[in-house]
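Structure, as structure tokens:
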Amino acid sequence: MSREKENYRDELEQLLAFFPDKRVLFASDVARYTGRDPRWCKRMYGIQPGQGITVVALAKMLSS
């Protein structure tokens, strides 16, 4: 069984505080949170057009 990344819980908590009413984020949301361009976020986090990324999945990616 794999362990959580060291900063996973902190990252998840920050994301939930930043987006209290959302559990699925779109590239524009991720861009606002990270301060990056939405196109970069799509490429970096594999966000497909018309789809989003869950807060949990993003927290895992950000903590690695």
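Just the heavy atoms: all of them, side chains too, but no hydrogens, waters or symmetry mates, feed the values below.
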Which pair of heavy atoms, one from Cys41 and one from Val30, lies closest together, and at what distance?
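Nearest heavy atoms, Cys41 then Val30: SG-CG1, 3.8 Å.
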Minimum heavy-atom separation for Pro38 and Ala27, please, with both atom names.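 Closest approach of Pro38 to Ala27, heavy atoms only: O-CB, 3.9 Å.
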For this session: Would you mind listing every salt bridge (charged side-chain N to carboxylate O under 4.0 Å, His left out) that reaches into residues 16-28, with sequence neighbours excluded?
Result: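 Output for this query lists Lys22-Asp29.
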**Study point:** salt bridge (charged side-chain N to carboxylate O under 4.0 Å, His left out): pairs with one or both residues in residues 8-17, sequence neighbours excluded
**Key:**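 Qualifying pairs, neighbours excluded: Glu4-Arg9.
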message = Can you classify the ring geometry of Phe18 versus Tyr33 as parallel (below 30°), tilted (30 to 60°) or perpendicular (above 60°)?
response =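 The rings of Phe18 and Tyr33 stand perpendicular, inter-plane angle above 60°.
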| message | The criterion is ring-ring contact (aromatic ring centres under 6.0 Å, His included); which residues satisfy it with Tyr8, sequence neighbours excluded? | response |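 Here no residue qualifies.
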Partner set under side-chain contact (heavy atoms from CB on, under 4.5 Å) for Met61, not counting sequence neighbours =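 Partners of Met61 by the side-chain contact (heavy atoms from CB on, under 4.5 Å) criterion, ordered by chain and then number, come out as Tyr45, Ile53.
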Mind checking what makes side-chain hydrogen bond (donor to acceptor under 3.5 Å, both in side chains) contact with [X], not counting sequence neighbours?
{"X": "Lys60", "value": "none"}
{"X": "Arg32", "value": "none"}
{"X": "Asp37", "value": "Arg39"}

ILVMFWY cluster, Val56 and Ile47 together (side-chain gap under 4.5 Å):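 In one cluster: yes.
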- In Å and rounded to the nearest 0.5 Å, what is the NZ to CZ distance from Lys42 to Arg36?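 Between atom NZ of Lys42 and atom CZ of Arg36 there are 16.0 Å.
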For Leu25 and Leu58, run side-chain contact (heavy atoms from CB on, under 4.5 Å): C-alpha distance rounded to whole Å, both residues' side-chain angles, the deciding distance at 0.1 Å, then the answer.
CA-CA 9 Å; Leu25 305 174; Leu58 183 60; 3.8 Å; yes
